[in-house]
A.B. asks: 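Here's a structure for you.
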Amino acid sequence: MSGHLVTIANPGWQQARTVPVGNLLVSWLVNRPGRGSFRLPRADAHRLPFSNLKGRWVAVDLGHHGLWWGIVEDDPGEVDGGTVELSAASMGVLLEKRIVPRTYRQVSGSPGGLIGRAITDSAQADPLWIRRLLIDEDGAPVVTEWRGDKLSRVVSSLATNAGGAWLVEPDTDQVLTFTYRRRFLDRRNRVLLVEGREVVAGSVRPTISTIVNDLTGVANDRQWERAGAARVEDASSILEWGRSQDTQRYPGHTRESSLEFVTRADLARRAVPTAAVALDIPARNPVLARVRQGETVRLWSASTDAVYDLDIYGRAYQPNRGVVTITGTATVVTT
């Protein structure tokens, strides 16, 4: 069996063995674990010094696409084919193996600050393998309670509600690192993807179903009827697409001037159409060395005759296809 070399080891990279595998497929995602799978001959699998392949760590170095680390969850065998297929979740799955403390006591802080505290508190009795935390602690404060929920659910909820992104990946020095960013990294001045040049296939699907052009921002520090509020509108969007209203609560913002600022910032993002994007880029294209999930790049789409800011939520690499698929959400660039 030919293909890539994958390292399989006990947790912490103990008793590591490197084996050739085929049918490799890996994905990197924000705010949830990616997936990986590959096949190896049954005889090779049985020669490995592990009583069980489930729970073993796996790693593959994909050159300019980056490192992929994961934990094996399934290892079904094929009777006819004589192979074993290992299916793994990326290291973000570690957050699903812990719970936050059950204190029923309210805690307050920025989303990033609370995420860091949740990870630290959940690992006190039984440490996680995550050795480094890189956390953006800016942002308006929120209030939450530890109720014994899964750590992954708490972290994802805090990140999603704040519009942020988290990742668990090996850093450049191969230290397993948890990263939380308040917003996607701006790479628009570094990366331009053009249909017919970098992009050889895929789809860009614009929609107005997500538009909000009349937004009311409400503080949540008081009872609803007494809370401060600020309402902002986008007249040009209303004229173009019709009025579409929504209400958004903003933890930590009690003054009308502050509410208006954050509400107007959200309105600018939500008042234009978005597009669900899936793009195939040849795996050998050097631009992929600069494309990562959790970043915003520029996309020039001839098929829709528009230029977009593309937030990348995931990448998937299947060497047999020879392409990397980029997925995300795009917003039209207005002039």
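Given the structure is predicted, the values throughout are model-derived calculations rather than measurements.
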A.B. asks: Starting from the C-alpha separation in whole Å, work towards a yes-or-no answer on ring pair (Phe, Tyr, Trp, His ring centres under 6.0 Å) for W69 and W28.
C.D. replies: CA-CA 10 Å; W69 287 9; W28 299 262; over 10 Å; no
A.B. asks: Indicate the atoms forming the closest heavy-atom contact of W68 with A88, along with that distance.
C.D. replies: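 Between these two residues, the closest heavy atoms are CH2-CB, 3.8 Å.
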A.B. asks: Indicate yes or no: does E73 engage R35 in a salt bridge with an N to O separation below 4.0 Å.
C.D. replies: yes
A.B. asks: Would a distance-only check, ignoring hydrogens and angles, find a side-chain to backbone donor-acceptor pair under 3.5 Å from R98 to D126?
C.D. replies: yes
A.B. asks: Side-chain donor-acceptor pair under 3.5 Å between T177 and T179, yes or no?
C.D. replies: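 Absent: no donor and acceptor within the cut-off.
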A.B. asks: Examine I208 and V212 and state if one hydrophobic cluster contains both, with Ile, Leu, Val, Met, Phe, Trp and Tyr joined whenever side-chain heavy atoms are less than 4.5 Å apart.
C.D. replies: no
A.B. asks: Are L53 and V26 joined in one hydrophobic group, where the rule is that I, L, V, M, F, W and Y side chains link up if heavy atoms are under 4.5 Å apart?
C.D. replies: yes
A.B. asks: Roughly how far, to the nearest 0.5 Å, is the CG atom of L62 from the CG atom of L288?
C.D. replies: 11.5 Å
A.B. asks: Under 4.0 Å between a Lys/Arg side-chain N and an Asp/Glu carboxylate O for E233 and R243?
C.D. replies: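 The answer is yes: the pair qualifies as a salt bridge.
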A.B. asks: To the nearest 0.5 Å, tell me how far S110 OG sits from L158 CG.
C.D. replies: 9.5 Å
A.B. asks: Give a yes or no answer on whether the side chain of R153 reaches the backbone of E96 with a donor-acceptor pair at less than 3.5 Å.
C.D. replies: no
A.B. asks: Are the charged groups of D136 and R181 less than 4.0 angstrom apart, N to O?
C.D. replies: no
A.B. asks: Using the rule given for side chain to side chain contact (heavy atoms under 4.5 Å, CB included), can you reason through T331 versus D311, listing the C-alpha separation, both sets of side-chain angles and the distance that settles it, and then say yes or no?
C.D. replies: CA-CA 8 Å; T331 304; D311 292 336; 5.7 Å; no
A.B. asks: Test V218 against T247 for side chain to side chain contact (heavy atoms under 4.5 Å, CB included), laying out the working first.
C.D. replies: CA-CA 7 Å; V218 181; T247 299; 3.7 Å; yes
A.B. asks: Any idea which heavy atoms bring L114 and G109 closest together, and the distance?
C.D. replies: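 Heavy atoms of L114 and G109 come nearest at CD1-O, 3.7 Å.
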A.B. asks: Does the side chain of L185 reach to within under 4.5 Å of the side chain of R292, using non-hydrogen atoms?
C.D. replies: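 Not in contact.
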A.B. asks: So W166 and F178, would you call those rings parallel, tilted or perpendicular, with 30° and 60° as cut-offs?
C.D. replies: parallel
A.B. asks: When you compare the side chain of L279 with that of L310, does any pair of heavy atoms fall below 4.5 Å?
C.D. replies: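 In contact.
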A.B. asks: Provide the closest heavy-atom pair for S237 versus A271 in the form atom of the first, atom of the second, distance.
C.D. replies: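 Minimum heavy-atom contact is OG-O, 2.7 Å.
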A.B. asks: When rounded to the nearest 0.5 angstrom, what distance separates OG1 in T120 from CG in L133?
C.D. replies: 5.5 Å
A.B. asks: Please determine if K54 and D74 form a salt bridge, counting it only when a charged side-chain N lies under 4.0 Å from a carboxylate O.
C.D. replies: no
A.B. asks: Would you sort out whether T7 and T18 count as a side chain to side chain donor-acceptor pair (under 3.5 Å), showing the intermediate values?
C.D. replies: CA-CA 4 Å; T7 298; T18 299; 3.3 Å; yes
A.B. asks: Looking at E85 and R39, does any basic side-chain N land under 4.0 Å from a carboxylate oxygen?
C.D. replies: yes
A.B. asks: Could you go step by step and tell me if V72 and V58 meet the side chain to side chain contact (heavy atoms under 4.5 Å, CB included) rule?
C.D. replies: CA-CA 7 Å; V72 177; V58 293; 3.6 Å; yes
A.B. asks: Take V324 and H65 through the test side chain to side chain contact (heavy atoms under 4.5 Å, CB included) and record every step on the way to the result.
C.D. replies: CA-CA 9 Å; V324 172; H65 304 298; 3.6 Å; yes
A.B. asks: When you compare the side chains of S156 and N31, does any donor N or O come within less than 3.5 Å of an acceptor on the partner?
C.D. replies: no
A.B. asks: Check for me, please, whether V60 and L40 land in the same ILVMFWY cluster - side-chain distances under 4.5 Å, paths through other members count.
C.D. replies: yes
A.B. asks: If the threshold is 4.0 Å, N to carboxylate O, is there a salt bridge linking D44 and R17?
C.D. replies: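 Salt bridge flag = no for R17 with D44.
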A.B. asks: Test your reading of the model: is there a side-chain donor-acceptor pair from T207 to the backbone of S209, 3.5 Å cut-off?
C.D. replies: yes
A.B. asks: If we count only N and O atoms by modelled type, under 3.5 Å, do the side chains of T325 and D280 hold a donor and an acceptor together?
C.D. replies: yes
A.B. asks: Tell me the side-chain hydrogen bond (donor to acceptor under 3.5 Å, both in side chains) pairs involving residues 187-201, sequence neighbours left out?
C.D. replies: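 Passing the test, one end in residues 187-201: D186-R188, R188-D309, E195-S301, E195-S303.
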A.B. asks: Using modelled atom types only, decide if a donor and an acceptor are shared between the side chain of S244 and the backbone of I211 within a distance under 3.5 Å.
C.D. replies: yes
A.B. asks: Does the distance from a Lys or Arg side-chain N to an Asp or Glu carboxylate O, for R270 and D246, drop under 4.0 Å?
C.D. replies: yes
A.B. asks: Could you state the interatomic distance from CG (N213) to CD1 (I238), rounded to the nearest 0.5 Å?
C.D. replies: 4.5 Å
A.B. asks: For the atom pair CG (L86) and CZ (F38), what is the distance rounded to the nearest 0.5 Å?
C.D. replies: 4.0 Å
A.B. asks: For R56 and N10, what are the C-alpha separation, side-chain angles and deciding distance, and is it a side chain to side chain donor-acceptor pair (under 3.5 Å)?
C.D. replies: CA-CA 5 Å; R56 298 320 97 198; N10 284 319; 2.6 Å; yes
A.B. asks: Is there a continuous path of hydrophobic side-chain contacts, each under 4.5 Å between heavy atoms, that joins I99 to I119?
C.D. replies: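 They do not share one cluster, since no chain of ILVMFWY contacts under 4.5 Å joins I99 to I119.
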A.B. asks: Less than 3.5 Å apart, any donor N or O on the side chain of T210 or T274 sitting next to an acceptor on the other?
C.D. replies: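 Side-chain D/A pair, T210 to T274: present.
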A.B. asks: Donor-acceptor pair, S90 side chain versus G34 backbone, under 3.5 Å?
C.D. replies: yes
A.B. asks: Can you tell me if W300 uses its side chain to pair, donor with acceptor, with the backbone of Y308 under 3.5 Å?
C.D. replies: no
A.B. asks: Atom OH in Y180, atom CG in L167: separation rounded to 0.5 Å?
C.D. replies: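 Output value for this atom pair is 11.5 Å.
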A.B. asks: Which atom pair, heavy atoms only, marks the closest approach of L128 to S122?
C.D. replies: CD1-OG, 4.4 Å
A.B. asks: Would you name the heavy atoms of L67 and P170 that are closest together and state the gap between them?
C.D. replies: CB-CG, 3.9 Å
A.B. asks: Which ring-ring contact (aromatic ring centres under 6.0 Å, His included) pairs, counting each pair once, include a residue from residues 110-144, with sequence neighbours left out?
C.D. replies: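 Qualifying pairs, neighbours excluded: W57-W129.
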A.B. asks: Is the backbone N or O of A283 less than 3.5 Å from a side-chain atom of H64, with the two atoms forming a donor-acceptor pair by type?
C.D. replies: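 Indeed, once roles are kept as given, a pair shorter than 3.5 Å links the two residues.
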A.B. asks: Looking at every non-hydrogen atom in both residues, tell me the closest pair between A162 and P111 and how far apart they are.
C.D. replies: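 Residues A162 and P111, closest heavy atoms: CB-CG, 3.6 Å.
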A.B. asks: Taking M91 as the starting point, is it possible to reach V30 by hopping between hydrophobic residues whose side chains are less than 4.5 Å apart?
C.D. replies: no
A.B. asks: Can you confirm whether D173 is buried at CG, in the sense that more than 12 heavy atoms of other residues, nucleotides or ligands lie under 6.0 Å from that atom?
C.D. replies: yes
